[in-house]
Amino acid sequence: MSSDTRSEMDKEQQPVDAPADAGSVDGEIDPALVDVDPVEAQDQLDQALSDVQENRDQCLRLQADLENLRKRNQRDVANAHKFGLEKFAVELLGVKDSLEMGITAASEETADMQKLKEGSELTLKMLSDAFKKFNVSEINPLKNKFNPEYHEAMSMQERSDVDPNTVIAVMQKGYLLNDRLIRPAMVIVSKQASTEKGAQLDEQA
């Protein structure tokens with residue numbers, strides 16, 4: 001047998017060092033693992049489980065509170081849509097009553113036109129006051145510059161006595177709600193009048 005073969009056999013027969021146990025340092029057992037009190041460990045485990053359950057309960061309560069808040073907000077929004085005009089409607093009830101009384105008075109044989117006129121003016125004032133109370137403002141741009149943001153031109157007329165692009169008649173007043181346009185004023189706007197010389201040139205053409 002050769003010397004190389006014997007050397008390999010000797011290596012195979014040499015004992016292999018066993019791996020160090022888990023929890024040991026340099027083959028020695030960690031004293032921290034040996035000194036653990038089972039009762040204390042169980043107490044710590046119970047406390048941890050209690051904390052987990054408490055956190056879970058708090059999370060569930062928070063979710064329930066958020067769901068209740070969401071439903072309450074939905075109800076508030078729905079009620080706002082349904083009854084948002086309630087106060088405005090109450091203000092208009094007096095206007096309606098006044099109109100009905102005016103119509104009744106006008107149908108009588110002894111109707112006094114002056115009183116009917118005064119009643120109509122009072123009714124209009126009531127309506128204007130209701131609009132003012134709820135920030136509904138009137139757009140009456142007569143003799144003002146035409147503004148396409150708030151006015152709608154129905155037609156244009158040649159005028160020499162006013163500047164071009166001036167509102168010379170208001171067919172229907174416009175209105176704003178809290179400074180937001182809800183109806184433009186329908187108007188007639190002036191344009192530059194043709195000169196007599198220009199008109200003659202047009203006829204010759």
Side-chain angles (χ1 to χ4, degrees), residues 1-100 123-141 147-152 172-186:
M1 182 179 297
S2 65
S3 60
D4 293 339
T5 303
R6 285 197 300 271
S7 178
E8 292 177 0
M9 292 177 63
D10 292 341
K11 290 180 180 180
E12 293 176 357
Q13 293 175 358
Q14 290 179 355
V16 179
D17 295 337
D21 293 337
S24 65
V25 180
D26 296 333
E28 297 181 0
I29 298 176
D30 188 353
L33 297 178
V34 176
D35 294 340
V36 172
D37 184 357
V39 177
E40 183 180 353
Q42 184 62 42
D43 291 342
Q44 292 177 353
L45 178 60
D46 292 342
Q47 182 62 43
L49 293 175
S50 177
D51 292 342
V52 170
Q53 183 63 35
E54 183 178 354
N55 291 336
R56 181 176 181 276
D57 292 342
Q58 289 179 351
C59 183
L60 292 176
R61 285 195 296 269
L62 180 60
Q63 288 179 342
D65 291 341
L66 290 175
E67 181 64 18
N68 291 334
L69 179 61
R70 184 185 67 81
K71 291 180 180 179
R72 185 163 58 250
N73 288 338
Q74 285 182 340
R75 288 195 299 269
D76 291 343
V77 171
N79 288 335
H81 285 301
K82 288 181 180 179
F83 306 111
L85 295 177
E86 180 178 1
K87 293 181 179 180
F88 185 60
V90 171
E91 291 291 329
L92 293 184
L93 293 180
V95 177
K96 184 175 182 295
D97 293 339
S98 181
L99 287 172
E100 289 174 345
T123 302
L124 180 59
K125 183 180 183 303
M126 292 173 60
L127 183 60
S128 298
D129 290 343
F131 280 0
K132 184 178 180 180
K133 185 174 181 179
F134 290 90
N135 296 319
V136 177
S137 55
E138 182 181 273
I139 302 175
N140 186 12
N147 185 344
E149 293 185 3
Y150 298 101
H151 312 151
E152 182 177 344
Q172 188 180 76
K173 296 176 182 178
Y175 288 91
L176 302 170
L177 174 60
N178 292 317
D179 296 327
R180 178 178 178 179
L181 183 68
I182 57 176
R183 192 180 78 178
M186 296 183 180

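Taking a 6.0 Å sphere around CG of D179, one finds it holds 12 or fewer heavy atoms contributed by other residues, nucleotides or ligands.
Note on K125 versus D129: salt bridge recorded, some NZ/NE/NH1/NH2 to OD/OE distance being below 4.0 Å.
In terms of modelled atom types and a separation under 3.5 Å, the side chain of S128 and the main chain of L124 share a donor-acceptor contact. Between the N147 side chain and the E149 main chain, a donor and an acceptor come within less than 3.5 Å of each other.
With sequence neighbours excluded, the residues satisfying side-chain hydrogen bond (donor to acceptor under 3.5 Å, both in side chains) with D57 are Q53. When the side-chain contact (heavy atoms from CB on, under 4.5 Å) test is applied to L176, the partners found at least two apart in sequence or on another chain are S137, I139, Y150, L181.
Between R70 and N73 there is no side-chain heavy-atom pair separated by less than 4.5 Å.
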Using atom types as modelled, flag every donor-acceptor pair under 3.5 Å from a side chain in residues 75-92 to any protein atom, sequence neighbours excluded.
residue	atom	partner	partner atom	Å
N79	ND2	R75	O	3.3
E91	OE2	K133	NZ	2.8

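Distance CZ/R61 to CG/D65: 9.0 Å, rounded to 0.5 Å. Atoms CG and CZ, on N135 and R180 in that order, are 14.0 Å from each other to the nearest 0.5 Å.
Scanning both residues, K173 and R183, for their nearest heavy atoms gives O-NH2, 2.5 Å.
Judged purely by distance below 3.5 Å, without hydrogens or angles, the side chains of D51 and Q47 pair a donor atom with an acceptor atom.
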